[in-house]
Amino acid sequence: MYTKIDGKAVAAKIKDECALKAEELKARGKEPGLAVIIVGNNPASRVYVNSKERDCKEVGINSYEYALPETTTTDELLELIEKLNNDVRADGILCQLPAPKQIDEKKVLNLISPEKDVDGFHPVNVGRLVTGEKGFVPCTPAGIIEMLKYYSIDADGKNSVIIGRSNIVGKPMAALMLKENATVTVCHSHTKNLADITRNADILIAAVGKTKFVKADMIKDGAVVIDVGMDRDENGKLCGDVDFENVAPKCSYITPVPGGVGPMTRAMLLKNTLTAAKNFMSVK
Ligand code: GUN
């Protein structure tokens, strides 16, 4: 029998804690705020931004949306970020990705003040994560660690295999699992004999972006499987990178899609924003 990890329940607990923290900050005269930048008309980005703003409202964080046209230049976006870096209402700043192709995303992410970088994408925060210093950690991997802890899943000494090496998930996930004392392997599109490696995983984290990519014969008996995918199946139904139906019976724990990692990513953004607001209070 496997346990289906309930990301919604863990996220709800974190959101309750966030609501309390927001109250505390307000009582001390600080209204926590998140600036959300969206450039262009990507429909998926619009959905994500709407839910981030709704989440903020639910826990008592002000959100300020900056919706810029599809034709925005990098310089125009940099100018806005400069302004937000100096705006005391914006404790956190996030620019929803992907931005339209004329935008130099690296320049944009690098200009966001590391102290307001609630996505944890700035090289300073990446460096802090890798060296074990305090800083903002990208929301998806941070949320996965919270879920593991909630279910008392100990990664110490375990083989953890991550499929995917993105800056948003794979690489920070590897750093976090190392911090948990796991033995970490990162697989990607050039990896040879992938299934031989994943079959050795006590904790398998799939961040591939391919529908039902992880099959039952790639899984060790009793493994913990975390599915970061947000894909669509042949009927347009939301599903993950893991063939849940066939993989789940081999697992000890597994996250569903939807209702697994997704709600945690959203909750961690709120948590990071409140940390930014609290840090602002203590340096003011
Ligand atoms: N696009 C997909 N995921 C993310 C995320 O976590 N943050 C931002 N800013 N954009 C994204």
Side-chain angles (χ1 to χ4, degrees), residues 33-53 55-56 63-87 90-131 135-144 162-176 186 188-190 205 207-210 228-231 241 261-262 265-266 268-270 272-273 275-276:
L34 175 66
V36 182
I37 306 170
I38 175 167
V39 187
N41 314 311
N42 182 319
S45 291
R46 175 36 73 193
V47 172
Y48 287 130
V49 163
N50 287 351
S51 28
K52 287 172 185 181
E53 291 172 354
D55 291 340
C56 282
S63 67
Y64 307 101
E65 181 179 305
Y66 296 84
L68 305 182
E70 187 75 37
T71 51
T72 302
T73 63
T74 300
D75 282 346
E76 285 165 340
L77 187 48
L78 293 177
E79 201 177 309
L80 171 62
I81 289 169
E82 198 87 77
K83 198 178 84 181
L84 292 171
N85 279 342
N86 295 305
D87 184 341
D91 297 295
I93 303 171
L94 83 78
C95 180
Q96 188 64 32
L97 302 178
K101 57 183 182 316
Q102 76 277 11
I103 302 281
D104 184 339
E105 283 186 359
K106 222 172 225 171
K107 267 191 181 165
V108 169
L109 298 181
N110 289 5
L111 189 67
I112 295 175
S113 161
E115 311 323 315
K116 296 191 175 196
D117 170 38
V118 287
D119 264 328
F121 294 165
H122 192 287
V124 164
N125 282 318
V126 177
R128 286 169 175 161
L129 171 60
V130 172
T131 54
F136 289 110
V137 178
C139 300
T140 298
I144 291 170
I162 300 158
I163 317 178
R165 55 173 162 177
S166 70
N167 290 339
I168 297 184
V169 183
K171 287 182 202 164
M173 192 73 242
L176 287 175
V186 181
H188 46 79
S189 53
H190 290 233
I205 299 164
V208 195
K210 285 187 185 156
V228 183
M230 286 277 261
D231 317 313
D241 289 347
V261 173
T265 298
R266 287 167 58 177
M268 296 313 285
L269 175 66
L270 304 173
N272 281 352
T273 302
T275 301

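All residue numbers in this chain count up from 1 along the given sequence.
Residues L109 and L97 meet the side-chain proximity criterion, which asks for heavy atoms closer than 4.5 Å. Counting heavy atoms from C-beta on, the side chains of V108 and L78 come closer than 4.5 Å. By the 4.5 Å heavy-atom criterion applied to side chains, L111 and E82 are counted as neighbours. At least one side-chain heavy atom of V228 sits under 4.5 Å from a side-chain heavy atom of I144. Side-chain contact check for I163 versus D241: every heavy-atom pair is 4.5 Å or farther apart. Counting only heavy atoms from C-beta outward, the side chains of N272 and C139 approach each other to under 4.5 Å. Within the 4.5 Å cutoff, the side chain of L80 has heavy atoms near those of the L68 side chain. Taking 4.5 Å as the limit, some side-chain heavy atom of P98 sits within range of a side-chain heavy atom of E105.
Residue-environment remark: OH (Y64) exceeds the threshold of 12 foreign heavy atoms within 6.0 Å. Heavy atoms of other residues, nucleotides or ligands lying less than 6.0 angstrom from CD of E79 number 12 at most.
Pairing each heavy atom of G164 with each of I162, the nearest pair is O-CG2, 3.6 Å. Between E76 and T71 the shortest heavy-atom distance is OE1-O, 4.4 Å. When all heavy atoms of N85 and S113 are compared, the closest pair comes out as OD1-N, 3.0 Å.
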**Request:** Would you check, one step at a time, whether the test side-chain contact (heavy atoms from CB on, under 4.5 Å) holds for I103 with L77?
**Result:** CA-CA 8 Å; I103 302 281; L77 187 48; 3.8 Å; yes

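Considering only residues two or more places apart in sequence or on other chains, P172 meets the side-chain contact (heavy atoms from CB on, under 4.5 Å) condition with L129, P138, P141. Applying the side-chain contact (heavy atoms from CB on, under 4.5 Å) rule to D91 yields the partners K30, P32, A276, A277, F280; only residues at least two apart in sequence or on another chain are considered.
When atom types are taken as modelled, the side chain of K116 and the backbone of A35 share no donor-acceptor pair closer than 3.5 angstrom. Without hydrogens or angle criteria, T72 side chain to V39 main chain gives no donor-acceptor distance under 3.5 Å.
Atoms CG and CD, from L34 and E53 in turn, are 8.5 Å apart once rounded to the nearest 0.5 Å. A distance of 8.5 Å separates CZ of F121 from CG of N167, quoted to the nearest 0.5 Å. Distance CG/N41 to CD/E70: 5.0 Å, rounded to 0.5 Å. To the nearest 0.5 Å, atoms CD (E65) and NZ (K52) are separated by 12.0 Å. Between atom CG of residue N50 and atom CZ of residue R46 there is a gap of 5.0 Å, rounded to the nearest 0.5 Å. To the nearest 0.5 Å, the span separating CG on D117 from CG on N110 amounts to 9.5 Å.
By the 4.0 Å N-to-carboxylate-O rule, E115 lies close enough to R128 to be salt-bridged with it.
Of the options I168, V169, T140, a side-chain contact (heavy atoms from CB on, under 4.5 Å) to T265 is made by T140 and by none of the others.
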